[in-house]
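Fair warning: this is a prediction, and the values are worked out from it, not measured in the lab. Residue numbering restarts at 1 for every chain, and letters A, B, ... go by the order of the sequence lines.
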Number of protein chains: 2
Amino acid sequence: MTSARPAPTRLRILIEASRLFAIRGYHGTSTRDIAGAVGIQQPSLYKHFATKHEILAALLDEDLGPALARIRAAVAADGQVAVRLHAFVVGDIAAVLSLPYDVRGLYNDDVLQLPELAAQARSRARLHAATADLVRLGVEAGEFVAEEPEFVQGAITGLLLEVVREQGPEPAADPRTPATRVADFVLRSVLADPRRMPEVRAASATLAARIERAG
Amino acid sequence: MTSARPAPTRLRILIEASRLFAIRGYHGTSTRDIAGAVGIQQPSLYKHFATKHEILAALLDEDLGPALARIRAAVAADGQVAVRLHAFVVGDIAAVLSLPYDVRGLYNDDVLQLPELAAQARSRARLHAATADLVRLGVEAGEFVAEEPEFVQGAITGLLLEVVREQGPEPAADPRTPATRVADFVLRSVLADPRRMPEVRAASATLAARIERAG
DNA sequence: CCCGAAGGCTATCGATTGATAGCCTTCGGG
DNA sequence: CCCGAAGGCTATCAATCGATAGCCTTCGGG
């Protein structure tokens with residue numbers, strides 16, 4: 001084993017902290033709140049995390065790391081850009097919805113501007129830049145309408161946050177349904193030729209299945 | 001005059017508080033921070049607002065009141081639903097972008113769940129419900145694809161927040177350009193017949209002009 | 001059998017929080 | 001001319017914040 005499996009307490013801290021951050025915000029949640037939700041005393045938190053913001057950083061890292069890997073794979077892959085973008089959006093949103101954490105409190109400006117989380121803010125900027133790059137490929141190839149890639153990336157981000165917001169704290173039982181709804185919504189709007197939608201959806205589904213088999 | 005014009009200090013408190021809430025969040029902003037940005041001492045704030053959350057409530061009220069009036073007018077109006085929805089989205093986003101306040105920190109869950117802001121949370125729920133109603137009209141009339149109205153409403157909300165986030169603290173010099181971009185994005189995705197887009201855009205523009213003349 | 005690390009606990013710290021008390025100046029209406 | 005409201009100010013409060021010190025128990029490897 002390269003790493004010891006994390007103590008269950010550490011995981012419970014992350015889960016409960018993420019829920020409290022979602023409801024009351026990072027600054028509105030005290031370390032005593034978190035400890036109380038976990039069922040331990042406040043100083044015991046510091047046996048697992050050196051500071052409060054380290055809890056937040058761990059949550060962001062667990063979300064951002066895989067997301068960056070997914071978007072990079074989508075940018076580097078070949079095939080139609082519309083299919084790659086659709087499959088990425090479905091996979092990304094499904095992954096976020098499947099996390100045991102409540103990510104609603106993680107991506108607010110007030111939290112990503114903390115100086116201690118500069119590394120996570122940079123990761124998020126890279127994620128956004130790579131997403132915009134993928135959109136730009138589609139625009140340049142003539143697959144998409146001539147829309148600013150950064151605006152489309154922002155739209156994807158906004159839709160993801162909105163879906164997460166609707167869902168609430170529990171991991172989704174069926175994450176691919178809302179995820180596909182978002183991907184369809186985005187591609188209906190960006191596709192230069194809307195008649196391609198059925199074909200794009202089908203190709204995205206088989207691409208997703210191929211990725212899942214590859215693990 | 002039915003009401004005395006608000007003292008400039010009160011307005012400056014609202015402006016500076018909104019910017020700080022956007023950057024650090026409501027809970028992350030102290031009353032001393034706000035007072036310092038305004039250039040007064042912390043206890044002087046309480047000559048204008050009885051509590052900290054009253055500042056937040058005033059900001060939300062100034063945004064939600066007009067927004068509710070706009071969506072209700074759009075639901076009650078007659079004409080094609082696509083045109084009404086397009087014009088509402090353009091007008092709503094342009095209005096938010098024209099505010100002297102930075103609204104980025106106002107619509108986070110952590111703030112709307114405060115028990116002291118229950119009234120504002122209800123207003124926002126009504127705004128969302130009315131928006132979904134308008135979308136539902138379009139779906140039932142066959143103008144829109146068969147998408148869940150609540151999802152489309154959420155998408156509009158998410159896109160609005162994303163545009164506001166990109167823009168930053170200053171009121172927009174040209175609010176209608178990004179506003180129209182969002183409205184176009186949404187309607188391209190919802191319109192059952194995408195070929196109607198040019199016609200919808202044109203009718204929306206003349207409708208907006210008529211509303212502006214009416215004041 | 002023991003010993004040290006892991007992970008709980010209580011007690012406590014200094015800093016910061018939102019809010020109040022009370023004083024002083026400005027200024028417009030009677 | 002004055003007087004009271006408006007709106008600043010200083011000083012201060014109790015509560016709460018994140019974090020540290022130090023003690024005790026559990027438990028797995030040698």
Asker: Where the side chain of B:I40 is defined as all heavy atoms beyond and including C-beta, which of C:dG8, D:dC9, C:dA19 is the nearest nucleotide?
Answerer: D:dC9
Asker: Atom NZ of B:K52 and atom C1' of C:dT16: how far apart are they, to the nearest Å?
Answerer: 12 Å
Asker: Quick check against the 3.5 Å criterion: does B:R188 have a side-chain atom that pairs as donor or acceptor with the backbone of A:S189?
Answerer: yes
Asker: Grab the CG-C1' distance between B:L45 and D:dT10 for me, whole Å please.
Answerer: 15 Å
Asker: For DNA chain C, which consecutive runs of 3 or more Watson-Crick or G-U pairs (each distance under 3.5 Å) count as stems?
Answerer: C:1-30 with D:1-30
Asker: Tell me the interatomic distance from B:E54, atom CD, to C:dG18, atom P, rounded to whole angstroms.
Answerer: 15 Å
Asker: So does A:T31 get a side-chain nitrogen or oxygen closer than 4.0 Å to the phosphate oxygens (OP1/OP2) of D:dG18?
Answerer: yes
Asker: Which heavy atom of B:F144 sits nearest to which heavy atom of B:V135, and what is that distance?
Answerer: CD1-O, 3.6 Å
Asker: Compare the minimum distances between each of C:dA21, D:dT12, D:dA19 and the side chain of B:P43, then state the nucleotide with the smallest one.
Answerer: C:dA21
Asker: Determine: side-chain N/O of B:Q42 to OP1/OP2 of C:dG18, distance under 4.0 Å, yes or no.
Answerer: no
Asker: Locate the shortest heavy-atom distance separating A:R176 from A:T180; write the atom from each residue and the value.
Answerer: O-OG1, 2.6 Å
Asker: My understanding is that only residues two or more places apart in sequence, or in another chain, count here; which of them pass salt bridge (charged side-chain N to carboxylate O under 4.0 Å, His left out) with B:R165?
Answerer: A:D109, B:E162
Asker: With under 30° as parallel and over 60° as perpendicular, where do the rings of B:F185 and A:F185 fit, or are they tilted in between?
Answerer: tilted
Asker: Considering just the side-chain nitrogens and oxygens of A:S44, establish if one lies under 4.0 Å of OP1 or OP2 belonging to C:dC9.
Answerer: yes
Asker: Of all the heavy-atom pairs spanning B:L20 and B:T29, show the shortest one and how long it is.
Answerer: O-OG1, 3.2 Å
Asker: Could you check how far CZ of A:R32 sits from C1' of D:dG18, rounded to whole Å?
Answerer: 7 Å
Asker: When you measure from the side chain of A:Q41, which nucleotide among D:dG18, C:dC9, D:dA11 comes out closest?
Answerer: C:dC9
Asker: Picking from D:dG7, C:dT12, D:dC9, which would you name as closest to the side chain of B:H48?
Answerer: D:dG7
Asker: Let's see if you can work this out: which of C:dT17, D:dA19, D:dC9 has an atom nearest to the side-chain heavy atoms of B:S30?
Answerer: C:dT17
Asker: State, to 0.1 Å, how close A:V75 and A:R84 come at their nearest heavy-atom pair, and which atoms those are.
Answerer: O-NH1, 3.2 Å
Asker: Please state whether the phosphate of C:dG8, meaning OP1 or OP2, lies under 4.0 angstrom from any side-chain nitrogen or oxygen of A:T9.
Answerer: yes
Asker: Decide yes or no, distance alone: a donor-acceptor N/O pair under 3.5 angstrom between the base of C:dG8 and the side-chain of A:K47.
Answerer: yes
